[in-house]
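The figures that follow rest on heavy atoms only: side chains count, while hydrogens, waters and symmetry mates do not. Here the structure is a predicted model, which is why all the values come from computation and not from measurement. Order of the sequence lines sets the chain letters (A, B, ...), proteins ahead of strands, with each chain counted from 1.
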2 protein chains.
Amino acid sequence: MLDSLKIPTIAISRLSVYARHLALLEGNGEEVISSGGLADMCGVNPAQIRKDLAYFGEFGVRGVGYYVKELLFEIRKILGADKEWRLGLVGVGNLGSALLRHAPFSDRGYIFVAAFDKKPGRIGKKVNGIPIEPLEAMNHVIQEKGIEIGVIAVKPDLAQSAADMLVRAGIAGILNFAPVQIQRPSHVCIENVDFSLKLDVLCYRLTSDVGR
Amino acid sequence: MLDSLKIPTIAISRLSVYARHLALLEGNGEEVISSGGLADMCGVNPAQIRKDLAYFGEFGVRGVGYYVKELLFEIRKILGADKEWRLGLVGVGNLGSALLRHAPFSDRGYIFVAAFDKKPGRIGKKVNGIPIEPLEAMNHVIQEKGIEIGVIAVKPDLAQSAADMLVRAGIAGILNFAPVQIQRPSHVCIENVDFSLKLDVLCYRLTSDVGR
DNA sequence: GTATGTGAAACCGTTCACAGCA
DNA sequence: TGCTGTGAACGGTTTCACATAC
């Protein structure tokens, strides 16, 4: 147990995967799982799971395994997934609208409470019950509604200025769907979702067909 | 130059990023760029760029740098992005519809030519000019339209069977938006786009606020 | 006996530093 | 001189193997 002295991001994303599978096990009424059993489900090495967990504590019972409910609870606590997160969307186009309606988000405690767009024609309309506000309202709305995470779904050329506005409004966490590198102050966290890049990788594999 | 003897996936995704920035440079009329200059734009180490390129050949001129147009052309060739790719979508819900309308895909040579859904109410309708077909038509349509890549945008519990159907229809490349591990024969390539996972990582960072 | 927690080894990707070449 | 291409050094993650605990 080393606590937060350099925990690799990839270990965190694995925790998210473990949580997903633990939730399935819990739904099936399973009470106990071994690192080997969970590893098979997640497609990783058992030692990997034990090492990942060891960053944060000792959650298992030797000779037995892990109690599903308990481990799931602990991982959710580690990830910060044991609370509701309030999201604000910038860019209510095709993708943005789909995100506002994306049920799995709210199911998991990620709630969109505001949306912003620059097109006058969109202002005032509602998507999935969420009113679309003008960009100028961002500062005020983000403060008022206690928004903690900004989601960027604008076109690439507007992504940087959208990020700048979010940062100016006090946002410290951004989920960015635009295929651009966003510049930001060091206290702001960004995660990128870049599906053009994934498509490129896929096509590379298909082209150089080495299988896999 | 080692050719395809173990090229890490992460190197491939960096090539995609390099291509993006080279396209910008080309648009600005720049003719030559050094690994250092490109590295600054992409936020990586110059040696990294040279190493990544060295997997595939020698594309630069010592003492000069890389010719923008030429390098872009070569990287596109490596990635297989120098041709059109025909995509088929499974699951025309919120996200699926957004993907069908996603302009940046077609701009880059990724063309949706078919869409499939299980809901009878959706069959026969068109989204962005693409008719929605029943799942049963998948085999036939995929053959007929020469679809090479399947895009999965169904709910998690249906993702595996969607993948199975695609594979049975002869698809070898899948872009999966469902937050599940898909099982598949070893000749089938899958890339996952998992934004719940990215949100979890972001929330971890915000929770354990180590900045960054 | 069985499965965890963990130091040590193996592996892999990144960065350095410099030789090679325009 | 300047920048690429690359072997060698470095750093970090994964896997092994076993002591430890139930």
message: Both V61(B) and R62(A) contact DNA chain D. Which one's nearest nucleotide lies toward the 5' end?
response: V61(B)
query: Is any side-chain nitrogen or oxygen of Q48(A) closer than 4.0 Å to OP1 or OP2 of dT13(D)?
result: no
query: Whole Å only: how far is the OH atom of Y66(A) from the P atom of dC22(D)?
result: 14 Å
query: What is the distance from CG of N45(B) to P of dG12(D), rounded to the nearest Å?
result: 15 Å
query: Is D82(A) salt-bridged to K77(A), going by a charged N under 4.0 Å from an acidic O?
result: no
- prompt: Under 4.0 Å between a side-chain N/O of Y55(A) and OP1 or OP2 of dG5(C), yes or no?
  reply: no
field: Polar side-chain contact K51(B)-dG7(D) base: donor and acceptor under 3.5 Å
entry: yes
message: Could you tell me how far apart I10(B) (CD1) and dC11(C) (C1') are, to the nearest whole angstrom?
response: 16 Å
field: Distance-only donor-acceptor test (3.5 Å): side chain R50(A), base dT4(C)
entry: no
task: Starting at atom NZ of K6(B), determine the distance to atom P of dC12(C), rounded to an integer number of angstrom.
output: 8 Å
statement: By nearest-nucleotide position on DNA chain D, the 5'-leaning member of V64(A) and D52(A) is D52(A)
message: Check this one for me: any side-chain N or O of Y67(A) less than 4.0 Å away from OP1 or OP2 of dT4(C)?
response: no
field: Separation of dT14(C) C1' from I49(B) CD1 (nearest whole Å)
entry: 13 Å
Would you list the atom pairs, donor with acceptor, under 3.5 Å between side chains in residues 90-97 of chain A and any protein atom, with sequence neighbours excluded?
{"residue": "N94(A)", "atom": "ND2", "partner": "R101(B)", "partner atom": "O", "Å": "3.3"}
{"residue": "S97(A)", "atom": "OG", "partner": "G93(A)", "partner atom": "O", "Å": "2.7"}

- request: Could you state the atom-to-atom distance from CZ of F59(B) to P of dG5(D) in whole Å?
  value: 9 Å
- prompt: For I7(B) and dG13(C), what is the distance between atoms CD1 and C1' respectively, to the nearest whole Å?
  reply: 14 Å
task: Return no unless some side-chain N or O of R14(B) is found under 4.0 Å from OP1 or OP2 of dT14(C).
output: yes
query: Got I132(B) and F116(B) here, is their nearest side-chain heavy-atom distance under 4.5 Å?
result: no
Phosphate contact (dA3(C) OP1 or OP2) by S35(A) side-chain N/O below 4.0 Å: no
message: If I compare all heavy atoms of E148(B) with all of W85(B), which pair ends up nearest, and what's the gap?
response: OE1-CA, 3.7 Å
query: CD1/I12(B) to CG/D200(A) distance, rounded to the nearest 0.5 angstrom?
result: 10.5 Å
- request: For E58(A) and dA21(D), give me the distance from atom CD to atom P, rounded to whole Å.
  value: 10 Å
